[in-house]
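Taking it in order: structure first as structure tokens, then the write-up.
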Amino acid sequence: MPAIRLPDGSVRSYPTPITGAELAQDIGAGLAKAALAVRIDGQLRDLNSAIDHDAEVSIITKDSPEGLEILRHSTAHLLAQAVKQLFPDVQVTIGPVIDNGFYYDFAAPKPFTPEDLEAITARMRALVEADLPVTREVVSRDEAIARFGAMGEHYKVEIIRDIPAEQELSLYHQGDFVDLCRGPHVPRTGVLGAFALRSVAGAYWRGDSRNPMLQRIYGTAWATQKELDAFLQQQAEAERRDHRRIGTELELFSIQEDAGGGLVFWHPQGARVRRVIEDFWRAAHTEAGYEMLFTPHIAHEQLWFTSGHKDFYAESMFDPMQDEGQPYQLKPMNCPFHILVYKSKLRSYRDLPIRWAELGTVYRHELSGALHGLMRVRGFTQDDAHIFCRPDQIEAEIAGVLVLTRKILRTFGFERYEINLSTRPEGSVGSDAIWETATAALTAALQHAGLDYQVDEGGGAFYGPKIDLKIEDAIGRKWQCSTIQLDFNLPERFAMEYVAEDGRRAVPIMIHRAIFGSVERFFGVLIEHYEGKFPFWLAPTQVVVAPISELHADYAEAVAHQLQAEGLRVETDLRSEKIGYKIRAHTLRRVPFLAVVGEREKGNGSVSLRDRDGRDLGSLPVATLGQILRRLDTQRQQGLELA
RNA sequence: GCCGGCAUAGCUCAGCAGGUAGAGCAGCUGAUUUGUAAUCAGAAGGUCACGGGUUCAAUUCCUGUUGCCGGCACCA
């Protein structure tokens with residue numbers, strides 16, 4: 001005689017065991033219709049599982065996160081059912097829920113084509129239409145193996161063999177389809193519907209590149225068609241922001257087949273932006289007590305044996321080149337060079353902390369399949385810096401890095417971060433004492449800065465703990481850029497030292513840190529973050545002066561010169577085109593301001609100003625415009641408001 | 001690196017059961033002298049990614065390479 005307590009605190013008693021579906025029906029017809037599953041004493045179960053004891057029960061609908069997950073999982077099963085019907089010789093493997101959707105991996109003799117996806121989608125819709133009941137069956141391990149073995153589902157058999165013996169095995173049936181699954185699932189296929197298959201791709205069995213490659217079909221599923229449409233629209237939005245497309249359109253950069261993949265060419269418009277970014281970076285670092293270094297791009301291979309890169313990082317390095325019988329190595333990192341500068345003379349404890357920064361271009365042999373626009377390249381410039389300090393200075397230095405990092409990121413409009421503190425992993429170098437000191441210092445610095453962070457236990461590098469920072473862009477995507485890493489390894493390997501207060505030699509602590517990470521990648525993130533609409537201070541071309549007709553060309557040039565004299569990046573558009581044409585052209589280029597000059601403006605020394613969002617900012621004297629724009633530029637304002 | 005797809009003018013894309021190609025935009029020339037998101041006209045622009053093969057004939061079919069796209073794996 002179960003007494004059931006509902007989430008609102010009310011209790012319902014029933015004379016006999018009752019299923020989740022019956023309970024929902026008893027509460028209300030609307031709920032019964034929306035119900036997908038039940039939670040019984042915290043356990044998610046199928047809707048038609050029986051409740052035979054006193055319990056806390058809630059009905060799960062697709063409006064809850066759990067409900068949506070079940071919906072997606074059941075849609076993955078629906079996909080598998082459709083595939084099995086259309087391609088009987090395909091074996092099923094796994095079909096989990098992921099962010100925004102699901103996938104299902106199949107061992108298919110022939111890869112799926114886009115046309116196959118359409119056919120599969122159509123079959124899925126038919127199966128929804130058929131409204132098949134979804135039922136659960138508990139089976140013994142031997143029986144499960146026998147059944148899937150008989151069906152020729154060898155991957156399933158392998159999965160079953162790996163499931164711990166004590167765990168109950170359940171099968172889910174819907175029509176002719178049966179799958180091994182923990183569940184829970186929706187009660188009927190008819191409740192599914194707001195889904196779309198998105199792509200097909202290869203994926204290794206069990207994620208191991210030594211295993212055979214399976215065919216993975218990705219899909220997305222939502223509670224309502226409206227949410228599905230919104231999601232697809234958001235995907236389209238992300239596509240519109242694609243830095244590769246915008247980069248070509250705005251002539252910011254290119255990657256040339258003739259030169260090779262992953263090697264970036266900065267065109268004049270992109271190079272202007274980079275220059276502004278780098279100038280700002282240098283100024284901010286100088287202000288924060290850093291000195292700038294320049295170091296070579298190659299060095300004797302031996303240096304990389306000393307650093308350990310040849311042992312631990314060889315796969316990511318280009319092969320050495322020979323010169324006069326000596327092997328030279330293109331650098332994948334800057335740190336050994338900064339260490340050599342440190343070691344060029346004896347250092348005192350009084351010299352510490354030493355902060356050295358370099359926009360250092362490095363080359364890494366990324367696998368060809370990993371390359372992606374500016375986000376993953378083979379040659380890139382790190383905004384690198386190394387701090388050498390005493391153990392007692394760690395906390396203050398980390399705090400300083402955090403302040404500088406936030407200051408710089410905020411200037412680009414990044415205010416929200418996700419921060420991870422990664423602690424000591426297995427098999428790491430360095431003493432217990434130094435790991436404790438360092439980890440405590442990192443923690444203290446984060447706490448004093450009032451920053452929220454998550455601890456990734458054992459997620460540190462073998463050479464030291466680290467803080468990683470992900471920035472959130474304008475449409476909520478997260479990008480890993482900044483990193484602060486302590487290093488107990490390299491100072492030992494290079495036998496770095498300083499003379500301590502007591503006259504003994506001590507080993508300095510080394511901190512690696514980057515704020516942008518890679519200038520190329522950060523630029524790519526900026527393009528997507530701004531959708532190519534750079535704030536005024538970053539815009540490659542800040543103003544275009546466009547005359548109404550040739551009669552005003554001289555005046556337009558005079559205005560442009562005057563603004564250039566203020567240090568602004570100005571162009572004129574003297575083409576024999578109507579003003580509407582020029583407006584359209586420069587608006588599409590995302591130039592922040594267009595200064596239109598005609599008879600009126602020429603007459604009174606003004607311009608008619610308009611911004612790229614189509615706002616008419618009225619008429620302004622040229623001198624006033626110069627002042628206003630100068631201020632926008634130096635203040636690095638995000639928006640284009642003139643006030 | 002692996003699986004699949006793709007590669008045609010500067011860009012976006014048509015086309016070709018095998019008979020050496022076409023549009024829009026951009027660029028160029030000319031006309032127009034323009035008032036807030038596309039003025040008109042003309043000419044030009046291609047080793048159909050690159051190499052090999054099949055064929056009387058290859059941009060088209062086969063094959064290798066390179067690059068790109070979507071994933072996977074990788075990113076101490």
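First the proteins, then the strands, lettered A, B, ... as listed; each starts at 1.
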Inset, instruction - Identify whether any heavy atom of A:G261 sits under 4.0 Å from a base atom; if not, whether one sits that close to sugar-phosphate; answer base, sugar-phosphate or nothing. - result: sugar-phosphate

Inset, instruction - When you get a sec, tell me which of B:A76, B:U36, B:C72 is the closest nucleotide to the side chain of A:A461? - result: B:A76

Legend entry - 5'-most by nearest nucleotide on RNA chain B - A:G260 or A:G598: A:G598

Inset, instruction - Identify the residue among A:R477, A:R244, A:R521, A:K533 that makes a salt bridge (charged side-chain N to carboxylate O under 4.0 Å, His left out) with A:E528. - result: A:R477

Inset, instruction - Identify whether any heavy atom of A:R376 sits under 4.0 Å from a base atom; if not, whether one sits that close to sugar-phosphate; answer base, sugar-phosphate or nothing. - result: base

Inset, instruction - Run the salt-bridge test on A:R424 and A:D432 with the 4.0 Å N-O cut-off and return the result as yes or no. - result: yes

Inset, instruction - Using a heavy-atom cut-off of under 4.0 Å over every strand shown, decide if A:G207 touches base, sugar-phosphate, or nothing. - result: sugar-phosphate

Inset, instruction - Describe, in one word, how the ring planes of A:H338 and A:H386 are oriented to each other, choosing from parallel (under 30°), tilted (30 to 60°) and perpendicular (over 60°). - result: perpendicular

Inset, instruction - May I have the distance from A:R612 (atom CZ) to B:U36 (atom P), rounded to whole angstrom? - result: 22 Å

Inset, instruction - Let me know the distance between CG of A:L588 and P of B:A26, rounded to the nearest Å. - result: 11 Å

Legend entry - Of A:D616 and A:Y313, the one whose closest RNA chain B nucleotide lies more 5': A:D616

Inset, instruction - Scan A:R610 against the nucleic acid and name what it touches under 4.0 Å (heavy atoms): base, sugar-phosphate only, or nothing. - result: base

Legend entry - B:C69 OP1/OP2 closer than 4.0 Å to side-chain N/O of A:R244: yes

Inset, instruction - Could you tell me whether the side chain of A:E520 and the main chain of A:T381 form a donor-acceptor pair under 3.5 Å? - result: yes

Inset, instruction - Return the orientation label for the A:H512 and A:Y463 ring planes: parallel under 30°, perpendicular over 60°, tilted otherwise. - result: tilted

Inset, instruction - Take atom P in B:A38 and the same atom in B:A43, then report the distance between them in whole Å. - result: 26 Å

Inset, instruction - Can you tell me the distance, in whole Å, between the CD1 atom of A:I98 and the C1' atom of B:C72? - result: 13 Å

Inset, instruction - Kindly say whether A:Q256 contributes a backbone atom to a donor-acceptor pair with the side chain of A:S254 at under 3.5 angstrom? - result: no

Would you tabulate the pairs of protein nitrogen or oxygen atoms and nucleotide nitrogen or oxygen atoms of nucleotides 41-43 of chain B closer than 3.5 angstrom?
none

Inset, instruction - Could you check whether A:E251 gets within reach of a base, just the sugar-phosphate, or nothing at all, counting any heavy atom under 4.0 Å? - result: nothing

Inset, instruction - Classify the side chain of A:R245 versus the base of B:C11 as yes if they form a donor-acceptor pair under 3.5 Å and no if they do not. - result: no

Inset, instruction - Hunt down the Watson-Crick or G-U wobble partner of B:G1, both distances under 3.5 Å, from any strand shown, or write none. - result: B:C72

Legend entry - Nearest-Å distance once atom C1' is located in both B:U36 and B:G70: 42 Å

Inset, instruction - Please work out which of the three classes, parallel, tilted or perpendicular, describes the rings of A:Y104 and A:F106, given edges at 30° and 60°. - result: parallel

Legend entry - N/O donor-acceptor pair under 3.5 Å between A:R590 side chain and A:F534 backbone: no

Inset, instruction - Examine distances only and state if a side-chain atom of A:S549 and a backbone atom of A:L551 form a donor-acceptor pair shorter than 3.5 Å. - result: yes

Inset, instruction - Look at all strands and tell whether A:F462 reaches a base, only sugar-phosphate, or nothing, counting heavy atoms closer than 4.0 Å. - result: sugar-phosphate

Inset, instruction - Mind calculating the distance between OH (A:Y103) and P (B:C72) to the nearest angstrom? - result: 8 Å

Legend entry - Length of the line joining A:H372:NE2 and B:G67:P, which is rounded to integer Å: 17 Å

Legend entry - Parallel, tilted or perpendicular: ring planes of A:H300 versus A:Y328, cut at 30 and 60 degrees: tilted

Legend entry - Quiz item: A:H586 side-chain donor-acceptor pair to B:A37 base, under 3.5 Å: no

Legend entry - Within 6.0 angstrom of A:E237 CD, more than 12 heavy atoms from elsewhere: yes

Legend entry - Integer-rounded Å distance: B:A37 P and A:K582 NZ: 14 Å

Legend entry - Rounded distance in Å - CZ (A:R589) to C1' (B:G10): 16 Å

Legend entry - Interatomic distance at P, B:A17 relative to B:U60, whole Å: 13 Å

Legend entry - Any-strand Watson-Crick or G-U partner of B:A7, both distances under 3.5 Å: B:U66

Legend entry - Contact under 4.0 Å: A:Y218 side-chain N or O vs B:C72 OP1/OP2: yes

Legend entry - Rounded C1' spacing from B:U55 to B:U63 in Å: 15 Å

Could you pull out the protein-nucleic contacts involving nucleotides 28-34 of chain B (nitrogen or oxygen on both sides, under 3.5 Å)?
residue, atom, partner, partner atom, Å
B:U32, N3, A:S576, OG, 2.6
B:U32, O4, A:S576, OG, 2.6
B:U33, O2, A:E550, N, 2.9
B:U33, N3, A:E550, OE2, 3.2
B:U33, O4, A:E550, OE1, 3.3
B:U33, O4, A:E550, OE2, 2.4
B:U34, O4, A:S576, O, 3.2
B:U34, O4, A:S576, OG, 2.5

Inset, instruction - Indicate yes or no for a side-chain donor-acceptor contact from A:E153 to the backbone of A:Y155 under 3.5 Å, with no hydrogens or angles considered. - result: no

Inset, instruction - Would you indicate what A:S316 reaches in the nucleic acid, counting non-hydrogen atoms under 4.0 angstrom: base, sugar-phosphate, or nothing? - result: nothing

Inset, instruction - Tell me the partner of B:A14, counting only Watson-Crick (N1-N3 plus N6-O4 or O6-N4) or G-U wobble (N1-O2 and O6-N3) with both under 3.5 Å; none if nothing fits. - result: none

Legend entry - B:U65 to B:G5 separation - P atoms, rounded to the nearest Å: 15 Å

Inset, instruction - Take A:F593 and A:F536, measure what ring-ring contact (aromatic ring centres under 6.0 Å, His included) needs, and give me the verdict at the end. - result: CA-CA 9 Å; A:F593 295 108; A:F536 188 78; 5.6 Å; yes

Inset, instruction - Determine whether any donor atom in the side chain of A:Y581 lies under 3.5 Å from an acceptor atom in the base of B:A37, or the reverse, and answer yes or no. - result: no

Legend entry - Distance, rounded to the nearest Å, where A:D573 contributes CG and B:A26 contributes C1': 14 Å

Inset, instruction - Test the A:R216-A:Y103 pair against the cation-pi criterion, namely NZ or CZ under 6.0 angstrom from the six-membered ring centroid and within 45° of the ring axis. - result: yes

Inset, instruction - Counting Watson-Crick and G-U wobble pairs only, both distances under 3.5 Å, name the nucleotide matched with B:G42, or none. - result: B:C28

Legend entry - Spacing of the P atoms in B:C13 and B:G53 (rounded, Å): 33 Å

Inset, instruction - Determine the contact category for A:M333: base if any of its heavy atoms lies under 4.0 Å from a base atom, sugar-phosphate if only primed atoms, P, OP1 or OP2 are that close, otherwise nothing. - result: base

Legend entry - Pairwise C1' distance, B:U8 and B:G24 [rounded to whole Å]: 15 Å

Legend entry - Ring geometry between A:W356 and A:Y342 (parallel below 30°, tilted from 30 to 60°, perpendicular above 60°): perpendicular

Legend entry - B/S/- contact track for nucleotides 2-9 of chain B, protein heavy atom under 4.0 Å: BBS-----

Inset, instruction - Provide the distance between the two P atoms, one in B:G46 and one in B:A21, to the nearest whole Å. - result: 13 Å

Legend entry - Residue A:Y463, side-chain atoms from C-beta onward, closest of B:C68, B:A76, B:G1: B:A76

